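When reading the values below, keep in mind they use all heavy atoms of this one structure, side chains included, and skip hydrogens, waters and symmetry mates. Model, not experiment: these values are computed from the prediction. Chain A is the first sequence line, chain B the second, and so forth, proteins listed ahead of strands; every chain is numbered from 1.
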Amino acid sequence: MVSPPEIIGHGTWYDKAAKELIERELRLGRSLDLIRTESGLGASGFPHIGSLGDCIRNYAIALAVEEQGYKAEYIAFSDDKDGLRKVPAGLPKELEKWLGYPVSDIPDPFGRCHESFGDHMSSLLLEALDVIGVEYRFMSGARVYRQGLLNREIIEIMENAERAGRIIYEEIGQTKFLNSLPYFPVCENCGRIYTTNAYKYLPDERKVLYRCEGMEVKGRWLEGCGYEGEVDVTAGEGKLSWKVEFAARWKALDIRFEAYGKDIADSVKVNDRICREILGHEPPMHVQYEMFLDKGGRKISKSAGNVFTPQVWFRYGSPQSLNLLLLKRFIGTRSVGVEDIPVYMDELDRLEDIYFNRVNIEDPKERAKLRGLYEYCWLLKPPKEPSVHIPYRLLVNLARVAPEGREEEYIREKLSEYGYLKRGARGLEERIRYALNWVRDFEEPVRKPVELSAEEAEAVRRLIGELRRGRGADDYQSAVFKVARSLGLSPRRFFRTLYLILLGEPQGPRFGPYVEAIGVENAIGELERALEGD
RNA sequence: GGGCCCGUAGCUCAGCAAGGUAGAGCGACGGCCUCUUAAGCCGUGGGUCGAGGGUUCGAAUCCCUCCGGGCCCGCCA
């Protein structure tokens, strides 16, 4: 009855899903020569952490399929034929004139670094994929339409547009496609894609007739130019509505798996039926996951319009720590913010300890799962040796007090003193960089001028004298007590004042060694400034 | 209107896939260098796992109902 648990692949959710996927394909009698997974890349705004989640989760399934002994491939499909619906936060208002245009037709707002707006945005995501090590086959929607890769499916859908419209209505109650074709032509006159209404299909010529009559997009009316035209649906001068486009993609590109966020759940539901009933093709296996939400509060980056991008994460944390966030759980809404990065950095260290058997986990299933999760964080290419492990907060604390100009040296010395470097220092440099970035960006000392009483000012003056005469940490330490005693001041209070001056905090590391570390001249300089500011 | 997720220690949350002794961080409390400075370390306390029912030898975990909170979609993508 109680049989030992069978561990599939690396023991993770991905391995289990991959097994189900393969079994499903076997049941359907399809070829197993190549199992493709896919995700759509939004190209109309800055890629968010969640955008990367779409990619890496579908890629992880491809990896898991390969672990089962089959060939697999992940396709990153850029939705760059979609129109611009809203000017992303952080970009100039002038872009409003491009609302409704396909993002692949809009010039790159950042200059000439990319061919188009859409190209710029999707390349930001591709960059992140490269940093993380995701292998993908990139496809641009605009190019796919131009190359005619979806033509057979487009025609089939146009010929059955009435049925498609009914399916959409039945599934989600949307009436629009009962009267319009699920195809958006790019207006030959004004160049916009969301203002056109395709109302008639001419099967012999494979053309749709349309009027540029305008549409409401994100609560805002985009007035059409009134142009009436016709367009060949195989010419790549328009696109299918999302309500039917996925189905076309799935069949034409032979996609077997697509995990998606719940925001597009309705579209997937409709497309599943379109795929089966109109294209006669069994849709891919799906898994639905929750969204990643921005945590309010902390300012991240002005230039990025406060979007929590992968690039922001990489400033403070490793690619693998981001993978951990994205892979560890599928269900449950995740509110994420930069403040979570230390947690994931530390958790990854724990997983690494488990992977390298420095920490024993009794339950074999549990152990397999955690080791597997670690391996997937490295996209199944884990390092041969563990890295150095230092609690992120400790690094931040050290980075905060590290004397300017020799931060790294100081941090290394301290860590060595604390015994953290006994097993080597693999990856220490990056960790120090992350912590320094953290402190620079979030803990820029808000050193308010310290108000000194006459007595305290006198104490500071005397201390400066003592520091000048002193030689080394012990002298500096003693000086504080000497001065405090000479004025009948409580050393506790005096230390507090000194830390407020030097660090902006009421506490700090042992005074003498700290003064030595930052350089006694620097310390004296700070103290003199405090006197002047009085 | 339709759908999804969450509810676990004072606080923030992990654990739930594939049931097997209730976990972490922060806070609180106690201790650990000494010329009163420990951003560190060690330890302690703290939970009817939202409520009720079901399945099971066994449920935080699976199923059902209810209560409370949140999110997504609604003629765009």
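- With C1' as the reference atom, B:rC63 and B:rC71 are 24 Å apart, rounded to whole Å.
- A:Gly40 comes within 4.0 angstrom of nothing in the nucleic acid, heavy atoms only.
- For the pair A:Glu170 and A:Arg273, the salt-bridge criterion is met [side-chain N within less than 4.0 Å of a carboxylate O].
- Considering A:Asp54, A:Val268, A:Val287, A:Asn58 in turn, A:Val268 is the only one that fulfils the side chain to side chain contact (heavy atoms under 4.5 Å, CB included) rule with A:Tyr260.
- Taking only side-chain nitrogens and oxygens, A:Ser267 never comes nearer than 4.0 Å to OP1 or OP2 of B:rA77.
- Ring geometry, A:Trp250 versus A:His286: the interplanar angle falls from 30° to 60°, so the pair is classed tilted.
- Among the atoms of the strands shown, base atoms are found under 4.0 Å from some heavy atom of A:Lys369.
- Looking at A:Arg469 and A:Glu466, a side-chain N of the basic residue comes within less than 4.0 Å of a carboxylate O on the acidic one, giving a salt bridge.
- A salt bridge does not link A:Asp80 to A:Lys239: none of the charged nitrogens lies less than 4.0 Å from a carboxylate oxygen.
- Distance noted for atom P between B:rG1 and B:rC57: 42 Å (whole Å).
- The aromatic ring centres of A:Tyr434 and A:Trp438 sit 6.0 Å or more apart.
- Atom CZ of A:Phe46 and atom P of B:rA77 are 22 Å apart (whole Å).
- Residues A:Glu96 and A:Arg220 are paired through a salt bridge, judged by an N-O separation under 4.0 Å between the basic side chain and the carboxylate.
- With distances taken from any side-chain atom of A:Asp266 to the nucleotides B:rC73, B:rC76, B:rU36, the minimum falls on B:rC73.
- Nearest-nucleotide assignment on RNA chain B puts the 5′-proximal partner with A:Gln477, out of A:Phe184 and A:Gln477.
- Nearest to the side-chain atoms of A:Phe481 among the listed nucleotides B:rC16, B:rC4, B:rU37 stands B:rU37.
- The side chain of A:Trp13 lies closest to B:rA17 when the candidates are B:rC72, B:rG25, B:rA17.
- Judged by atom type and distance alone, A:Lys262 reaches the base of B:rC4 through a side-chain donor-acceptor pair under 3.5 Å.
- Of the side-chain N and O atoms in A:Lys176, one or more sit less than 4.0 angstrom from OP1 or OP2 of B:rC76.
- For the pair A:Glu413 and A:Arg406, the salt-bridge criterion is met [side-chain N within less than 4.0 Å of a carboxylate O].
- Of the P atoms belonging to B:rG23 and B:rG15, the separation is 15 Å, rounded to the nearest Å.
- On the C1' atoms, B:rG54 is 15 Å away from B:rU61, given to the nearest whole Å.
- The distance from atom CD of A:Glu216 to atom P of B:rC76 is 8 Å, rounded to the nearest whole Å.
- Nucleotides B:rC16 and B:rC49 place their C1' atoms 11 Å apart, quoted to the nearest Å.
- Look at CH2 on A:Trp242: it is 11 Å from P on B:rC73, rounded to the nearest Å.
- Between the P atoms of B:rG10 and B:rG47, the separation comes to 7 Å (whole Å).
- With B:rC75, B:rA77, B:rA38 as the choices, the nucleotide that has an atom nearest any side-chain atom of A:Arg510 turns out to be B:rA38.
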Return the polar atom pairs (N/O with N/O) between nucleotides 7-11 of chain B and the protein under 3.5 Å, or none.
none

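- Candidate nucleotides B:rA17, B:rU37, B:rC72 were compared by shortest atom distance to the side chain of A:Phe495, and B:rU37 ranks first.
- Contacts of A:Tyr194 with the nucleic acid, taken as non-hydrogen atoms under 4.0 Å apart, involve only primed sugar atoms and P, OP1 or OP2.
- Toward the 5′ end of RNA chain B lies the nearest nucleotide of A:Arg485, the other residue of the pair A:Thr175 and A:Arg485 mapping further downstream.
- Picking from B:rC75, B:rA77, B:rC72 the nucleotide with the shortest atom distance to the side chain of A:Met291 gives B:rC72.
- Atom CZ in A:Arg166 sits roughly 22 Å away from atom P in B:rC75 (whole-Å rounding).
- With respect to A:Glu347 and A:Lys328, a salt bridge is recorded, a charged nitrogen being found less than 4.0 Å from a carboxylate O.
- Using a 4.5 Å cut-off on side-chain heavy atoms (C-beta onward), A:Tyr194 and A:Cys187 make no contact.
- Across B:rA9 and B:rU48, the matching C1' atoms stand 13 Å from one another, rounded to whole Å.
- Nucleic acid contact class of A:Gly11 (heavy atoms, under 4.0 Å, all strands): base.
- Rounded to an integer number of Å, the gap from CD1 of A:Ile264 to P of B:rG3 is 18 Å.
- Between the side chains of A:Gln174 and A:Tyr169, no donor-acceptor pair of N or O atoms lies under 3.5 Å.
- The separation between A:Asn271 atom CG and B:rC75 atom P is 17 Å, rounded to whole Å.
- Within 4.0 Å of A:Thr12, counting heavy atoms only, lies at least one base atom of the nucleic acid.
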Notebook entry, point to check: Dot-bracket for RNA chain B, 5' to 3', counting Watson-Crick or G-U wobble pairs under 3.5 Å, with [ ] for crossing pairs and | for inter-strand pairs?
Noted result: (((((((..((((......[..)))).(((((.......))))).....(((((..]....))))))))))))....
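- By the 4.5 Å heavy-atom criterion applied to side chains, A:Asp15 and A:Tyr376 are counted as neighbours.
- Atom P of B:rG20 sits at a distance of 14 Å from the matching atom of B:rG58, rounded to the whole Å.
- The NZ-P distance, from A:Lys86 to B:rA77, rounds to 17 Å in whole Å.
- Atom CG of A:Asp79 and atom P of B:rC76 are 17 Å apart (whole Å).
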